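Remarks on the structure that follows.
Letters go in sequence order (proteins before strands), and every chain restarts at 1. Quick caveat: nothing in here was measured; it's all calculated off a predicted structure.
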Amino acid sequence: MFGRIMPAELHTWVDERLSDYIDNQLAPGERARLEKHLSECAHCRTNLDAMRWSLTLLKQAPVPATRRSFALSVPATAPRPQATFAFAFARLATVVAALALVAVVGIDLFARYNAVPAPVPMMAPMAAEKSNAPTSVAIAPVPTTAPPPTSAPRAASASSAPALSAAPVVPAPGLAAPTPSLPATGLGGAPPSTASDAAKAQTSSARQPNSVATTTPSATPTGTPTLPPTPSSVPPTETPAPTMVAQVRETVTPLPLLSTNENTPAVFSPVRLVEIGLLFVAIFFATLTFLLWRQRS
Amino acid sequence: MDEQAFIRAAQNGDVAAFNQIVRAYQTQVYRTAYRVLGEQASAEDATQDAFVSAFKHIRAYRGGSFKAWLLRIVTNACYDQLRVKQRRPTASLDAMLIDPDNPAPGIDHAAPESPQDFAERQELNSTIQAGLATLPPDQRMTLILVDIEGLSYEQVAQAMQTNIGTVKSRLSRARLALRDFLVKQAELVPAQYRLKGERV
């Protein structure tokens, strides 16, 4: 490295390292090279002497005297405790308001995303209607015991047929009115999802004496013997027949949309008002904290 | 004086304890501010501001070199004064007036000396101050902290909130610039202080 330095640049190289040399901050290799050059170059030795001389003058320069005392007076520090209390209170209020806001928003979001109802709520009105049909007594909406698998789904489907067709559909709490595809009266009911389901519905309705919807293609999906038996391990209400599932899904599909309370605008709900209020409180105390901090500093 | 005991008391709000610290460091702090700012009034303002700020933030001191911590505050106070002077250049009226009780402000009159020596020291002080004024603020502060206040590279890095490499670089450039200035202005340096031997 040192061999590649041109002689003309060597003086500059040495001059730039005189400060580190004086403070003994040079690496051993650089120090040896610099001292070798100093022993050979009077010009650089003069530069080194001049630097040491200037530093000596700097240290010998007279110390400027000060006539005043810089000790602090008590009144200058008296307001400090009050400012400290106000600042601490504002800071604490900001933290509390911010945490409360986060908690309310979190609870609100959690409640919203968990408010989408499962198919079970739609089964509730059918279960209420089932109580009016004698054949539906054996099939409760939430059975505790598992009836025979072959008969259970058919019975459930059979009982659901009059519930779907004969009784008006009562929406679950929080749900809107059912879709137009579910007429309140008659033997309409939900349209079948497939043609085979319609055929099965007609067959099952013809078999079941209690089934009213003989002309309803959407009724009784699982009365036909062609339907596979429901596994015994699965409660009948939890595993409706495919057509029943399709109908339920068709009725359940709108639920996510129906889950919101359309009667009250979301902006003005009580929870939203609380959120907005907490937001303003947090902003107010945060601003106050900042102003007090600037005043302290 | 148990400095740490005074510091702990000051951290608990004891103004009298902090004033003990002030009396111990005010000469150093004022000297630093004077060398950086070049005039008495600004140096006094910066010194007072530095001690007020130090008391307000005394609880932020977590140990280590208290001198370096204090000089860091002094550095910031001096930079604030330099910014004020750049925005609103002023001339000190006090500097124009001659105080019969203190005809040569900035000079320590405690040491007995002849009028000639006094004049030469005053002339040396003016020359040194002129040389420092040619340096950028960062280089000037670094040179003062190392060569006048005797801080180590690490302490200067802490006081100026920079790294050791930057301190070395600034110090080297400051020393070279001051040397070149004093060599060129050698005729302004009193005879007893001039460089002997060959001229650069």
Inset, instruction - Taking the side chain as every heavy atom from C-beta outward, state whether L132(B) and L58(A) have any atom pair closer than 4.5 Å. - result: yes
Legend entry - Best-contacting candidate, L171(B), T47(B), V52(B), against chain A by heavy atom pairs under 4.5 angstrom: T47(B)
Legend entry - Proximity breakdown for F51(B) and chain A, heavy-atom pairs closer than 4.5 Å: both
Inset, instruction - State whether the number of non-hydrogen atoms from other residues, nucleotides or ligands found under 6.0 Å of E40(A) atom CD is greater than 12. - result: yes
Inset, instruction - Starting at CD1 of I164(B), measure out to CD of Q25(A) and round the result to the nearest 0.5 Å. - result: 8.5 Å
Inset, instruction - Look at L124(B), V146(B), T127(B), V29(B) and state which one has the largest set of heavy-atom pairs under 4.5 Å with chain A. - result: L124(B)
Inset, instruction - Step by step, work out the side-chain hydrogen bond (donor to acceptor under 3.5 Å, both in side chains) result for Q48(B) and R68(A). - result: CA-CA 10 Å; Q48(B) 188 69 74; R68(A) 58 182 279 189; 2.9 Å; yes
Inset, instruction - Below 4.5 Å from any heavy atom of chain B, which atoms of L55(A) appear? Answer side chain, backbone, both or neither. - result: side chain
Inset, instruction - Could you list all the salt bridge (Lys or Arg N to Asp or Glu O under 4.0 Å) pairs where at least one residue sits in residues 160-175 of chain B, not counting sequence neighbours? - result: D23(A)-R175(B), D138(B)-R170(B), D147(B)-R175(B)
Legend entry - Sidechain-backbone polar pair: S172(B) side chain, E16(A) backbone, donor-acceptor under 3.5 Å: yes
Inset, instruction - Any chance you could measure S69(A), atom OG, to N19(B), atom CG, to the nearest 0.5 Å? - result: 7.0 Å
Legend entry - Non-hydrogen side-chain atoms of R23(B) and F70(A) separated by less than 4.5 Å: no
Inset, instruction - Counting only heavy atoms closer than 4.5 Å, note whether Y153(B) contacts chain A via side chain, backbone, both or neither. - result: side chain
Inset, instruction - Go through S19(A), A71(A), S54(A) and name the one with the most non-hydrogen pairs under 4.5 angstrom from chain B. - result: S19(A)
Legend entry - 4.5 Å side-chain heavy-atom contact, M51(A) and L176(B): yes
Legend entry - Distance in Å, I21(B) CD1 paired with L72(A) CG, rounded so as to fall on 0.5 Å steps: 10.0 Å
Inset, instruction - For the residue pair L182(B) and W53(A), establish whether any side-chain heavy-atom pair is separated by less than 4.5 Å. - result: yes
Legend entry - Derivation and outcome, salt bridge (charged side-chain N to carboxylate O under 4.0 Å, His left out), residues D49(A) and R179(B): CA-CA 10 Å; D49(A) 293 339; R179(B) 178 200 66 186; over 6 Å; no
